[in-house]
Chemist: 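Below is a structure I'd like to ask you about.
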Amino acid sequence: MQIIKPLFALFCAQLAITSPIATNEDSPVGLTERAPPPPSDALKKWNDEEGVPGNALTEGLHIFKAKYPRDEVKDQGLSDLLKEARNFLDANHYVLVSVEVKQKERGPPKKKEKYLDVGDVKFFDIAVDKDNKVKSNKEGATYNFSKAEQDKVEHQYLKKLGGKVKSFTQITPVAKQYVSDHEDYDPKSNNCMTFVDEVAKDLS
């Protein structure tokens, strides 16, 4: 009896080691990670823009900086101050763009497929009045990506918004606060690009 017990214990230990259900490497049943829903064609275009993490926007609200290329032909009628700003920035204009990504369903009723699509795409920017004062220009106007492509606009990803900011309408008060705090336009230190950068930084 003294010999049988150690042999039986050794047999059980070997069985536990070789058993496929006893390994620590097995992932728990039902806890396998699911792949994210596929993107729509419209979302794929935004995913390809500069700086997008993993080239895959997730569900939520995302902020981009849009740079309109320098074109001196469009300087006609502008003040010397704005021409100076354009030359300093090497751009005709900058705007802040908010891109909403939403989960949707498509396909027949019994075979619905979830996918990610673009929701509201809006933009915000500033202008300068005749007294060289900063004023709000567009506050949540619809942004046309196809037109931006034609105009060779460059998009740079800045951040994904979280916390309390769930809609583009909540960007408006932050943009207005910037205008209130930065009344005097300066081609180098208070221009359309600083507006985009500072508003994006203040958004949580």
Side-chain angles (χ1 to χ4, degrees), residues 25-69 91-126 136-181 192-204:
E25 296 177 358
D26 288 346
S27 58
V29 176
L31 295 181
T32 54
E33 186 176 344
R34 293 182 179 180
S40 65
D41 290 340
L43 184 56
K44 286 178 182 178
K45 291 186 176 183
W46 282 106
N47 285 343
D48 289 338
E49 295 302 314
E50 179 187 347
V52 174
N55 293 109
L57 294 176
T58 56
E59 193 171 2
L61 197 63
H62 301 265
I63 300 299
F64 286 80
K65 176 162 63 175
K67 176 185 178 181
Y68 287 76
N92 269 20
H93 197 40
Y94 279 90
V95 305
L96 182 146
V97 183
S98 68
V99 179
E100 180 187 31
V101 178
K102 303 172 69 174
Q103 184 170 279
K104 298 180 180 180
E105 290 185 338
R106 59 189 172 193
K110 292 185 178 180
K111 293 185 178 180
K112 290 286 186 182
E113 176 198 29
K114 292 183 178 180
Y115 71 104
L116 292 178
D117 195 14
V118 178
D120 288 324
V121 181
K122 305 292 184 178
F123 77 97
F124 302 77
D125 69 343
I126 58 171
S136 294
N137 189 34
K138 300 297 184 181
E139 298 177 351
T142 299
Y143 188 77
N144 189 324
F145 186 88
S146 296
K147 179 67 166 58
E149 280 187 312
Q150 294 174 10
D151 293 339
K152 301 187 184 306
V153 176
E154 298 175 10
H155 299 102
Q156 179 187 355
Y157 183 82
L158 296 182
K159 68 196 299 184
K160 179 180 180 179
L161 300 185
K164 296 180 180 179
V165 182
K166 304 294 184 184
S167 167
F168 73 89
T169 58
Q170 293 169 281
I171 300 173
T172 301
V174 181
K176 285 189 171 187
Q177 188 62 50
Y178 176 91
V179 173
S180 177
D181 294 341
C192 54
M193 187 179 74
T194 58
F195 164 80
V196 173
D197 290 339
E198 291 299 317
V199 171
K201 185 174 69 174
D202 290 341
L203 290 169
S204 58

Chemist: Are Ser136 and Lys176 linked by a side-chain donor-acceptor pair shorter than 3.5 Å?
Modeler: no
Chemist: State, to 0.1 Å, how close Leu57 and Leu116 come at their nearest heavy-atom pair, and which atoms those are.
Modeler: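 Looking at all heavy atoms of both residues, the closest pair is O-CD1, 3.8 Å.
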Chemist: Check this for me, if you would: do Lys102 and Asp117 make a salt bridge, where the nitrogen-to-carboxylate-oxygen distance has to be below 4.0 angstrom?
Modeler: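 Looking at Lys102 and Asp117, the cut-off is not met.
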Chemist: Would you check if Val95 and Val97 make a side-chain contact, meaning some heavy-atom pair closer than 4.5 Å?
Modeler: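 Yes, their side chains come closer than 4.5 Å.
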Chemist: Backbone N or O of Asp120 within a donor-acceptor pair of the Glu100 side chain at under 3.5 Å?
Modeler: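 Confirmed, Glu100 side chain pairs with Asp120 backbone.
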Chemist: Please name the pair of heavy atoms, one in Ser98 and one in Ile63, separated by the smallest distance, quoted to 0.1 Å.
Modeler: CB-CD1, 3.9 Å
Chemist: Please say whether the positively charged group of Lys67, taken as NZ for Lys or CZ for Arg, lies over the ring of Tyr94, i.e. under 6.0 angstrom from the six-membered ring centre and within 45 degrees of the axis.
Modeler: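 Geometry flag: not set, cation outside 6.0 Å or 45°.
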Chemist: Would you say Pro69 and Glu154 make side-chain contact, with heavy atoms under 4.5 Å?
Modeler: no
Chemist: Are the side chains of Glu49 and Tyr157 in contact, using a 4.5 Å heavy-atom criterion?
Modeler: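 No. Closest side-chain heavy atoms not under 4.5 Å.
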Chemist: At their closest point, which heavy atom of Gly140 faces which heavy atom of Phe124, and how far apart are they?
Modeler: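 Minimum heavy-atom separation between Gly140 and Phe124: N-CE2, 3.3 Å.
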Chemist: Just verifying a value: how many Å separate Lys122 NZ and Ile171 CD1, rounded to the nearest 0.5 Å?
Modeler: 11.0 Å
Chemist: Decide yes or no for Asp197 and Lys65: does some side-chain heavy atom of the first lie under 4.5 Å from some side-chain heavy atom of the second?
Modeler: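 Answer yes - side chains close enough.
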Chemist: How would you list all residue pairs meeting ring-ring contact (aromatic ring centres under 6.0 Å, His included) that involve residues 37-61, not counting sequence neighbours?
Modeler: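 Checked against ring-ring contact (aromatic ring centres under 6.0 Å, His included) - neighbours excluded - the pairs reaching residues 37-61 are Trp46-Phe64, Trp46-Phe145, Trp46-His155.
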Chemist: Run Leu61 and Val99 through side chain to side chain contact (heavy atoms under 4.5 Å, CB included) and show every step you take.
Modeler: CA-CA 6 Å; Leu61 197 63; Val99 179; over 6 Å; no
Chemist: Going by an N to O cut-off under 4.0 Å, is there a salt bridge joining Lys45 and Glu149?
Modeler: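 Salt bridge: yes.
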Chemist: Report the distance from atom CG of Leu161 to atom CD of Gln170, rounding to the nearest 0.5 Å.
Modeler: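 Rounded to the nearest 0.5 Å, the CG-CD separation comes out at 9.0 Å.
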Chemist: Minimum heavy-atom separation for Leu96 and Val196, please, with both atom names.
Modeler: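 Shortest heavy-atom contact: N-CG2, 3.5 Å.
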Chemist: Over all heavy atoms of both residues, which pair between Ala66 and Val153 is shortest? Give the atoms and the distance, please.
Modeler: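 Smallest heavy-atom distance, with atoms named: CB-CG1, 3.8 Å.
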Chemist: To the nearest 0.5 Å, tell me how far Gln103 CD sits from Lys114 NZ.
Modeler: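 Here the interatomic distance stands at 5.0 Å.
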Chemist: Quick one: does Tyr115's side chain get under 4.5 Å of Lys104's, heavy atoms only?
Modeler: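 They are in side-chain contact.
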Chemist: Report yes if the side chains of Val121 and Thr142 come closer than 4.5 Å at any heavy-atom pair, otherwise no.
Modeler: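 No, every pair of side-chain atoms sits at 4.5 Å or beyond.
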Chemist: Please verify the inter-ring angle class for Tyr178 with Phe195; under 30° counts as parallel, over 60° as perpendicular, anything in between as tilted.
Modeler: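 If you compare the ring of Tyr178 with that of Phe195, the planes turn out perpendicular.
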Chemist: Is the shortest side-chain N to carboxylate O distance from Glu113 to Arg106 below 4.0 Å?
Modeler: yes
Chemist: Is there a side-chain contact between Thr58 and Lys160, using heavy atoms and a 4.5 Å cut-off?
Modeler: yes
Chemist: Quick one, Leu203 and Lys201 - any side-chain contact, counting heavy atoms below 4.5 Å?
Modeler: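 Sidechains of Lys201 and Leu203: no contact.
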Chemist: Using a distance-only test with no angle check, is there a side-chain donor-acceptor pair under 3.5 angstrom linking Asn137 and Asp125?
Modeler: yes
Chemist: For Leu158 and Ala200, work out which heavy atoms get closest and say how close.
Modeler: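 The answer is CD1-CB, 3.7 Å.
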Chemist: May I ask you to say whether Asp151 pairs ionically with Lys147, meaning some side-chain N is under 4.0 Å from a carboxylate O?
Modeler: yes
